[in-house]
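Counting begins at 1 with the first residue of the sequence. On a predicted model such as this, the values are computed, not experimentally measured, just so you know.
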Amino acid sequence: MRLVSLDSPLSSVAVAVIGVGAMGSGIAQIAALAGHEVYLVDAVEGAAAAALERLASRLAGLATKGRITLGQAEAAHARLHRARSTADLPECALVIEAIREDLADKRALFAALAQSQPAGTWLASNTSSLDITRIAQGLPHPERVLGLHFFNPPPLMALVEVIHGRETSEECLTAASGLMKAWGKTTVRCTSTPGFIVNRVARPFYGEAQRMVEAGVADAATIDWALREMGGFRMGPMELTDLIGQDVNLAVGTSVWEQTGRDERYAPTDFQRQLVAEGHLGRKTGRGVFRYDGAGHPLDAAADRALAAALTTGPILTNPLGRTLAMLVNEAVDLVARGEARAEDVDTAMELGTNYPQGPIAWGAEIGLDVIAEQLRALDTAFPGGRYRPSPALTSKEK
């Protein structure tokens with residue numbers, strides 16, 4: 001199989017992007033600026049043409065701001081092309097799909113690509129949570145199928161998770177990681193575990209806050225303030241899910257929950273389900289956890305700072321920061337213990353992918369894994385059912 005050689009000019013390496021919404025367009029922009037001929041395909045009539053117009057405007061804007069030269073903008077725009085369908089694509093070294101998060105749709109697309117592209121073409125999914133092994137199942141040459149999970153917006157976010165399915169070859173992973181680094185990205189590797197690193201480890205950041213609001217421990221603004229001001233997180237979990245979109249966040253969480261056999265640790269909350277059912281999806285609808293004005297500023301997010309300070313110095317059962325950190329560390333330690341990612345990759349992923357002030361592995365070492373284990377046992381006793389069970393890796397370190 002022919003794989004991309006970084007000794008060759010990137011202009012000789014054609015890249016296709018299937019699905020040109022926000023994620024796909026951002027990936028295409030990166031590839032074009034890196035020197036590739038880039039081909040855009042979208043099943044929606046006119047979507048690829050519209051994406052080309054957006055990208056032309058975006059590149060011109062970058063040149064106006066002095067982030068790239070006018071010559072770079074014009075050259076990158078000249079490298080962007082649209083194709084009517086996957087069958088009309090030229091031979092590509094890499095095809096990245098960024099279509100909707102539906103396993104059947106992705107499998108059908110990859111089956112078509114396997115027929116129209118050479119055996120040496122890498123086939124990469126930008127999925128945020130679906131199983132790469134299942135996407136590749138039944139395809140000829142499944143060793144060339146992998147995940148390249150970019151973060152939104154791709155041109156600004158440094159992280160790419162490089163995901164390997166059961167049959168992905170080491171050659172493919174090494175070459176893809178090298179290419180992403182040539183694009184200016186920081187890569188981490190992970191097996192095709194549900195949610196990969198970021199979307200798996202981050203689940204408690206949202207879930208603990210929602211459960212504490214449901215239980216009446218504090219209102220949403222106070223929980224957010226505690227995590228942001230006392231914990232150093234850039235955004236609180238409530239404002240962050242409103243920014244992401246409650247429907248989008250719930251869909252990712254539900255996918256992880258389903259893929260883990262409905263493990264209680266990842267169970268979605270009724271709090272978030274009700275928001276979505278009522279159409280309160282966040283900033284994009286003007287109302288989520290909070291209400292927003294036309295400029296996207298929250299109207300009802302005043303925190304009780306005294307209560308937040310008291311809670312974060314109090315018992316673990318009602319401590320929003322302590323509970324969140326215990327669960328984040330537990331999840332991260334568990335992921336590493338299962339051999340699904342390296343500790344250093346977990347910390348890098350959470351720092352770059354979610355802007356956490358530090359990685360959960362490092363945080364756990366700072367707090368003390370024995371302290372985390374004791375906190376989880378207290379939570380598990382108070383809220384039985386499995387959500388708060390300590391990782392065996394935590395309890396083994398106490399012995």
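Scored by the ring pair (Phe, Tyr, Trp, His ring centres under 6.0 Å) test, Phe271 finds no partners at all (sequence neighbours excluded). Partners of Ala209 according to the side chain to side chain contact (heavy atoms under 4.5 Å, CB included) rule, which considers only residues two or more places apart in sequence or in another chain, are Ile223, Pro237, Met238. Scored by the salt bridge (charged side-chain N to carboxylate O under 4.0 Å, His left out) test, Arg134 finds no partners at all (sequence neighbours excluded).
There is a side-chain donor-acceptor pair under 3.5 Å between Asp242 and Gln246. Thr269 and Glu214 share no donor-acceptor pair across their side chains, judged by distance under 3.5 Å alone. Between the side chains of Thr241 and Gln272, no donor-acceptor pair of N or O atoms lies under 3.5 Å. Judged by distance alone, the side chains of Asp131 and Ser192 do bring a donor and an acceptor atom under 3.5 Å apart. Thr348 and Glu344 are not linked by any side-chain donor-acceptor pair at a separation below 3.5 angstrom, with hydrogens and angles left out of the test.
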* For Val38 and Val17, what are the C-alpha separation, side-chain angles and deciding distance, and is it a side chain to side chain contact (heavy atoms under 4.5 Å, CB included)? -> CA-CA 7 Å; Val38 183; Val17 179; 4.2 Å; yes
* Would you sort out whether Glu167 and Thr133 count as a side chain to side chain donor-acceptor pair (under 3.5 Å), showing the intermediate values? => CA-CA 7 Å; Glu167 298 189 66; Thr133 298; over 6 Å; no
* To do: Evaluate the side chain to side chain contact (heavy atoms under 4.5 Å, CB included) criterion for residues Leu59 and Leu80: first the C-alpha distance (whole Å), next the side-chain angles of each, then the deciding distance (0.1 Å), finally the verdict.
  => CA-CA 11 Å; Leu59 290 165; Leu80 290 163; 4.2 Å; yes
* So Glu97 and Lys106, side chain to side chain contact (heavy atoms under 4.5 Å, CB included) or not? Walk me through it. -> CA-CA 8 Å; Glu97 69 80 12; Lys106 291 181 189 292; 2.8 Å; yes
* Take His149 and Thr127 through the side chain to side chain contact (heavy atoms under 4.5 Å, CB included) test and state the conclusion after the steps. => CA-CA 6 Å; His149 179 215; Thr127 178; over 6 Å; no
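Note on ring orientation: taking the six-membered ring where Trp is involved, the planes of Tyr292 and Phe290 are perpendicular (angle over 60°, cut-offs 30° and 60°).
Within the 4.5 Å cutoff, the side chain of Trp122 has no heavy atoms near those of the Val95 side chain. Contact of the Asp334 side chain with the Arg338 side chain is registered, since non-hydrogen atoms from C-beta on lie closer than 4.5 Å. Contact of the Leu352 side chain with the Met157 side chain is not registered, since no non-hydrogen atoms from C-beta on lie closer than 4.5 Å. Side-chain contact between Asn355 and Glu351: absent, with no pair of heavy atoms (C-beta onward) separated by less than 4.5 Å. Put simply, the side chain of Ser255 does not reach to within 4.5 Å of the side chain of Val252, judged on heavy atoms. Put simply, the side chain of Ser125 does not reach to within 4.5 Å of the side chain of Leu148, judged on heavy atoms. Ser25 places a side-chain heavy atom less than 4.5 Å from the side chain of Arg54. Within the 4.5 Å cutoff, side-chain heavy atoms of Leu394 are placed close to those of Ile372.
Scanning both residues, Ala362 and Asp347, for their nearest heavy atoms gives N-OD2, 3.1 Å. Contact between Ile30 and Pro154 at its shortest, heavy atoms only, is CD1-O, 3.3 Å. When all heavy atoms of Asp345 and Ile197 are compared, the closest pair comes out as O-CD1, 4.0 Å.
Separating the CZ atom in Arg389 from the CD atom in Glu264 is a distance of 9.0 Å, to the nearest 0.5 Å. The distance from the CZ atom of Arg84 to the CD atom of Glu45 is 11.0 Å, given to the nearest 0.5 Å. With rounding to the nearest 0.5 angstrom, the CG atom of Asn249 is 5.0 Å from the CD1 atom of Ile244. Here CD1 of Ile132 is found 13.0 Å from CD of Gln137. Values are rounded to the nearest 0.5 Å. Distance CD/Gln115 to CG/Leu139: 9.0 Å, rounded to 0.5 Å.
The salt bridge (Lys or Arg N to Asp or Glu O under 4.0 Å) pairs that include a residue from residues 197-211 are Arg200-Glu331, Glu208-Arg323, Glu208-Arg387, where partners are two or more places apart or lie in different chains. Contacts classified as ring-ring contact (aromatic ring centres under 6.0 Å, His included) and involving residues 42-81 (residues at least two apart or in different chains) are given here: Tyr39-His81. Annotation: ring-ring contact (aromatic ring centres under 6.0 Å, His included) contacts involving residues 215-252, sequence neighbours excluded, comprise Phe205-Phe233, Phe233-Tyr356, Phe233-Trp363.
Hydrophobic clustering of Ile, Leu, Val, Met, Phe, Trp and Tyr side chains at less than 4.5 Å, counting indirect connections, keeps Val188 apart from Ile163. Met180 and Phe196 fall into different hydrophobic clusters, where Ile, Leu, Val, Met, Phe, Trp and Tyr are joined by side-chain heavy atoms under 4.5 Å apart, directly or via other members. Using a 4.5 Å cut-off between side-chain heavy atoms of Ile, Leu, Val, Met, Phe, Trp and Tyr, with links allowed through other members, Val162 and Met23 fall into the same hydrophobic cluster. Ile27 and Leu94 end up in the same hydrophobic cluster when Ile, Leu, Val, Met, Phe, Trp and Tyr side chains are linked at under 4.5 Å. A single hydrophobic cluster is seen to contain both Leu325 and Phe383, as judged by linkage of ILVMFWY side chains at heavy-atom distances under 4.5 Å, directly or through other members.
Within the 3.5 Å criterion, the main-chain N or O of Met235 finds no donor-acceptor partner in the side chain of Arg228. In terms of modelled atom types and a separation under 3.5 Å, the side chain of Thr313 and the main chain of Ala309 share a donor-acceptor contact. The main-chain N or O of Ala32 is found under 3.5 Å from a side-chain atom of Arg79 such that the two form a donor-acceptor pair. Put simply, the side chain of Ser177 gets close to the backbone of Leu173: a donor and an acceptor are under 3.5 Å apart. Although no hydrogens or angles enter the test, the distance criterion places no donor-acceptor pair under 3.5 Å between the side chain of Asp263 and the main chain of Tyr266. A donor-acceptor pair under 3.5 Å is formed between the side chain of Thr285 and the backbone N or O of Gly282. Side-chain N or O atoms of Asp247 include none that pairs as donor or acceptor with a backbone N or O of Val276 at under 3.5 Å. Checked by atom type and distance alone, the side chain of Gln259 pairs as donor or acceptor with a backbone atom of Ser129 at under 3.5 Å. Checking side-chain atoms of Gln117 against main-chain N and O of Cys92 turns up a donor-acceptor pair under 3.5 Å. At least one donor-acceptor pair closer than 3.5 Å links the side chain of Thr312 to the backbone N or O of Ala308.
Atom CD of Glu170 sits in a crowded spot, with more than 12 heavy atoms from other residues, nucleotides or ligands closer than 6.0 Å. Surrounding CD of Gln274 are at most 12 heavy atoms belonging to other residues, nucleotides or ligands under 6.0 Å away. Within 6.0 Å of CZ on Arg305 lie no more than 12 heavy atoms contributed by other residues, nucleotides or ligands. The neighbour count for Arg107 CZ, taken as heavy atoms of other residues, nucleotides or ligands under 6.0 Å away, is above 12.
Ring pair His36/Trp183: centre-to-centre distance below 6.0 Å.
Remark: Asp380 does not engage Arg377 in a salt bridge, criterion side-chain N to carboxylate O under 4.0 Å.
For the side-chain contact (heavy atoms from CB on, under 4.5 Å) with Val333, the qualifying choice from Val329, Asn330, Val336 is Val329, the only one to do so.
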